[in-house]
There are 2 protein chains.
Amino acid sequence: MGNSKLYKGSLNTIILKLLEKNDKMYGYEITQRVKELTKGELEITEGALYPALHKLESEGLLDVEVVKVDNRMRKYYKLTQKGTTETANRLAELEAFIRNMEHLVNPKWSID
Amino acid sequence: MGNSKLYKGSLNTIILKLLEKNDKMYGYEITQRVKELTKGELEITEGALYPALHKLESEGLLDVEVVKVDNRMRKYYKLTQKGTTETANRLAELEAFIRNMEHLVNPKWSID
DNA sequence: ATTTATACATAATATTCTTATGTATAAAAT
DNA sequence: ATTTTATACATAAGAATATTATGTATAAAT
């Protein structure tokens, strides 16, 4: 993903959040949406995305529905109930992460 | 590091930033400082920290100075000139990352 | 005397991602 | 007409980064 190593570990959270907002999406759509939302700065690679989707499905966080559009396959993913709960948890973790990084990188208070 | 997977990839940036602020630090000190600054939420493991410090040193971003205090060894690390430059780059990347994650997770504008 | 804290280190394993490769159809460009 | 680009999925080999487990050694606290 992208050029920066910082995204490592955040792909699942990104996928879950997009599905929370958009009800159902397919893989290729996710890559394009992320590109748009980050103005081209974040490009999800297929080698990361598809295994991630499969894993989230196997964990019971996503349901899949295969559809044929213009003679091409699409696999639409949507959050399960468990997935919706887990998304809230992941988002809380993300916010905690960002708060912590801000403390470390731009501390408003300091013990020095 | 911690419980969340999100920190994967950010350890180097954290180390560099702490050294930018504190001139020189030793490994154990870094683990304790991070723990304090995050109110215990982020605990750097030694198995991640020491290899990271060695790598940053081998890349020429850190200089090391071995000191004996109370008959115990300490390896003090500090930024090289190259390390100072690289720290600025990494911090800019971190800020870009956080902006992008905010766009993805809490978009102020939306194309939907 | 034992445990906890300080202080370093590395090996085996797990996780996550990149890069490369593969299949297949539709649309656009040459 | 043919080649390239876009759409749409997938997986395997390898790199990068972290966890867990283990090891050495000294000082302080229980």
Side-chain angles (χ1 to χ4, degrees), chain A residues 1-16 24-36 40-59 61-62 64-77 90 93-94 97 100, chain B residues 1-16 24-36 40-59 61-62 64-77 90 93-94 97 100:
Chain A
M1 278 166 88
N3 31 337
S4 163
K5 291 161 190 168
L6 296 166
Y7 294 94
K8 229 180 186 64
S10 55
L11 176 57
N12 288 336
T13 303
I14 291 170
I15 293 171
L16 292 173
K24 68 173 184 176
M25 297 182 84
Y26 56 100
Y28 186 77
E29 186 184 14
I30 290 173
T31 66
Q32 301 307 304
R33 187 63 57 88
V34 166
K35 208 166 160 183
E36 288 166 347
E41 285 189 39
L42 213 183
E43 301 202 25
I44 297 178
T45 61
E46 296 161 300
L49 177 69
Y50 292 114
L53 287 171
H54 300 160
K55 187 155 179 284
L56 289 169
E57 190 197 347
S58 78
E59 290 168 347
L61 304 184
L62 301 185
V64 66
E65 179 199 1
V66 181
V67 177
K68 213 160 192 180
V69 179
D70 290 333
N71 208 36
R72 261 180 272 126
M73 177 177 53
R74 281 185 190 172
K75 293 180 77 172
Y76 277 100
Y77 291 92
R90 304 277 180 105
E93 276 181 10
L94 176 60
F97 167 73
N100 280 330
Chain B
M1 279 169 87
N3 30 335
S4 164
K5 291 160 190 169
L6 296 167
Y7 293 96
K8 229 181 186 68
S10 57
L11 176 56
N12 288 336
T13 303
I14 291 169
I15 292 171
L16 291 174
K24 67 173 185 176
M25 296 182 84
Y26 57 98
Y28 185 76
E29 186 184 14
I30 291 173
T31 66
Q32 300 308 303
R33 187 65 54 88
V34 166
K35 208 166 160 183
E36 289 166 347
E41 284 188 41
L42 213 183
E43 301 203 23
I44 297 178
T45 60
E46 297 162 299
L49 177 68
Y50 291 113
L53 287 171
H54 300 161
K55 186 154 180 285
L56 289 169
E57 190 197 346
S58 78
E59 290 168 348
L61 304 183
L62 301 185
V64 64
E65 178 199 1
V66 181
V67 176
K68 212 161 194 179
V69 178
D70 290 335
N71 207 35
R72 259 181 273 125
M73 177 176 55
R74 281 185 190 171
K75 292 180 78 173
Y76 277 101
Y77 291 92
R90 303 278 181 106
E93 276 181 10
L94 176 60
F97 166 73
N100 279 330

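Numbers restart at 1 for each chain; the letters A, B, ... are given by sequence-line order, proteins then strands.
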Inset, instruction - Mark up nucleotides 25-30 of chain D, 5' to 3', with B wherever a protein heavy atom is under 4.0 angstrom from a base atom, S wherever such an atom reaches only the sugar-phosphate, and - elsewhere. - result: -BS---

So [Y] and [X], do their side chains get closer than 4.5 Å, heavy atoms only?
X: Y28(B); Y: T31(B); result: yes
X: M25(B); Y: Y77(B); result: no
X: I44(B); Y: I15(B); result: no
X: V64(B); Y: Y76(B); result: no
X: I14(A); Y: L42(A); result: yes

Rounded to the Å, how far apart are [X] [atom1] and [N] [atom2]?
X: L11(B); N: dT16(C); atom1: CG; atom2: C1'; value: 16 Å
X: L6(A); N: dT16(C); atom1: CG; atom2: P; value: 17 Å
X: Y7(A); N: dA18(D); atom1: OH; atom2: P; value: 17 Å
X: K55(B); N: dA16(D); atom1: NZ; atom2: P; value: 7 Å
X: Y28(B); N: dA9(C); atom1: OH; atom2: P; value: 15 Å
X: Y50(A); N: dT23(C); atom1: OH; atom2: C1'; value: 13 Å
X: H54(A); N: dT15(C); atom1: NE2; atom2: C1'; value: 18 Å
X: L56(A); N: dC17(C); atom1: CG; atom2: C1'; value: 15 Å

Inset, instruction - Please state whether the phosphate of dC8(C), meaning OP1 or OP2, lies under 4.0 angstrom from any side-chain nitrogen or oxygen of Y26(B). - result: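 Answer is no, no contact under 4.0 Å.
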
Inset, instruction - Report yes if at least one side-chain N or O of K75(A) is closer than 4.0 Å to OP1 or OP2 of dA10(D); otherwise report no. - result: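 The answer is yes; a side-chain N or O of K75(A) sits under 4.0 Å from OP1 or OP2.
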
Inset, instruction - Look up atom CG in L11(A) and atom CG in L16(A), then write down how far apart they are to the nearest 0.5 Å. - result: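 Result: 9.0 Å between the selected atoms.
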
Legend entry - Options dT10(C), dT16(C), dA7(C), nucleotide nearest the side-chain atoms of R74(B):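 Out of dT10(C), dT16(C), dA7(C), the nucleotide with an atom closest to R74(B)'s side chain is dA7(C).
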
Legend entry - Sugar-phosphate, base or nothing in reach of K68(A), heavy atoms under 4.0 Å: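 Answer is nothing: K68(A) stays at 4.0 Å or more from every strand.
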
Inset, instruction - Mind listing the residues from residues 42-49 of chain A sitting with a heavy atom below 4.0 Å of DNA chain D? Number order is fine. - result: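 Output list: E46(A), G47(A).
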
Legend entry - Shortest non-hydrogen separation from F97(A) to S10(B) and the atoms involved: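 Shortest heavy-atom separation between F97(A) and S10(B) comes out as CE1-OG, 4.0 Å.
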
Legend entry - Donor-acceptor under 3.5 Å (E29(A) side chain, Y26(A) main chain):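 A pair under 3.5 Å: yes.
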
Legend entry - Closest-nucleotide 5' rank along DNA chain D - winner of K5(A) and G27(A):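 Its nucleotide being nearer the 5' end, the pick is G27(A).
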
Inset, instruction - Under the salt bridge (Lys or Arg N to Asp or Glu O under 4.0 Å) rule, what do E36(A) and R33(A) come out as? Steps first, then yes or no, please. - result: CA-CA 5 Å; E36(A) 288 166 347; R33(A) 187 63 57 88; 3.7 Å; yes

